[in-house]
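Presented below is the structure to which this report refers.
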Amino acid sequence: MSQTVVLEQNAVETQSITLKFDGCSSDANPSPIVNPENQSITIKFDDQASNHHTIPVSIPNVDSETEAAVNEFLRKHGSSDEESVRTDAMNDLWSFIERQEIGTVVVLVKFASDVKNFELLEIFCQRVADVIAKKTVEEVREIFNIANDFTPEEEQAIRDEHRWAFED
Amino acid sequence: MEEEDIRKWEDLDIDVLVKIFQILDLSELTSGLAHICSTWRHAACDPMLWQTLDLSMMSSNFIKIPLEPYVYVNARSDKQLTKLLKISLNLSRGSIKTLIFNFNLYVCDAQLTYTAERCPNLKRLVLPAWNRIKKTGICKAISMWKDLESLTMPSIVNPPYFMEEVSKHCKKFSELKIMGPCDILFVQTLIRCVPNLKVLSLRCSTVYLDALLLILDGLKNLEVLNISHCLIVDAQPPPATRKLVEKLDDSVLEKGSRLKEFFTCMDDSCTMCEITRRDEGLIRWYRYEEGLWKQDEVKSLAV
């Protein structure tokens, strides 16, 4: 996916420009293409594959270590087409995520979904799935800080359903 | 600022929750996720999770017995299956299009009827073990599956009663896999009851030569036939003994070539061919690696 920005004449004479799109900054310094005819400058950010953000991202509500780990993954994963490099990047991120508390992973899942990065989403969703797979209802509620919002009637129906499932 | 930014799980896209649930296996999915809160319940019932109900990892805890139905299933094992069916079918809300049972999961009539009632939109059924199912049970189930297109079944002694029900209720029926011997009666029944049959797989079983010839001549709409690793038997009238056909003759091959796909394999060095020979045309799948029974050269019939 590439993003193109065209700047109008007056904006470009002597100033340096910092651009922000979708929460990403333009530290990557791509080369601008100048068009003297309409006096515009085009700056294209080319990603190496669709859905890859090789520009460092800023992630709200996580610590700097986590943000750095995600950005390291994006950088490494986007830097090469080689299977081994990409797998390494995924394994590194996976090891990091396994050590984080679940609240952080929740935030990361939401982030990955918002920016539509499918590689990140897959890793984070897998982590959440691993965590919830072996837990009881109460444990899951506690871990994710989820309130039981069923009405007493619904609760009773659920208990009945569970009991009926055990009967013939 | 912090309060707004910290999202609660309930605010997460249902789509993301569904994506997480898709990673889980059936026992994890039915273990209580639907009881966490109303959003999670909603996600756990999402149709995307319930297009296929795959019970092929479950086996009955059973012993063989010398009297019908020739298997006796441990009560606890039966209850486990019932429980899993109840919870899964409840969450699935009628979304299930493909239903897969293991080759040694011996479903009883009550379980089958219960399941059929809750899968009204079923398109594909893989049910290799009918030992505990009575004629009335399977016919009742078939009558509830108007959209059934594909069936994997064992060989049965009396095909007409069953195929007539298929003919009556399943107007879209087009694909059949028989896991067991196929004789001329079966083929005659197919021609009469499901003349629109497009795909037929008889792989790894005994197929009688006269039945094979009738398939090629009589099933006019057949497009795909799989007789890979079969024992082709030329049953001669007495006093001649039956003999195995080692090689298909040109007339058979020529007729087969008119089909869109004709899968054959009769090779001494082929492992599957050897297994079929060793088991005399009716493979005891439990002897071999798990999942071997699921294979089929016809992609749509592989599990």
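Chain naming here is simple, since letters A, B, ... match the order of the sequence lines and numbering starts at 1 in each. Not measured: the values here are computed from a predicted model. What you see below is based on every heavy atom in this structure, not just the backbone, and it leaves out hydrogens, waters and symmetry mates.
Below 30°, between 30° and 60°, or above 60°: for Phe62(B) and Tyr106(B) the angle between ring planes is above 60°, a perpendicular geometry.
For residues 23-34 of chain B, heavy-atom neighbours of chain A at less than 4.5 Å comprise Ile23(B), Leu24(B), Glu28(B), Gly32(B), Leu33(B), Ala34(B), sorted by residue number.
The backbone N or O of Ser95(B) sits nowhere less than 3.5 Å from a side-chain atom of Ser92(B) that would complete a donor-acceptor pair.
Applying the side chain to side chain contact (heavy atoms under 4.5 Å, CB included) test to Ile63(B) and every residue at least two apart in sequence or in another chain returns Ile65(B), Tyr72(B). Residues satisfying the side chain to side chain donor-acceptor pair (under 3.5 Å) criterion with Thr66(A), sequence neighbours excluded, are Asp63(A).
Sorted by first and then second residue, the side chain to side chain donor-acceptor pair (under 3.5 Å) pairs with a member in residues 122-140 of chain B read Asp78(B)-Arg132(B); sequence neighbours excluded.
Judged by distance alone, the side chains of Asp149(A) and Ser38(B) do bring a donor and an acceptor atom under 3.5 Å apart.
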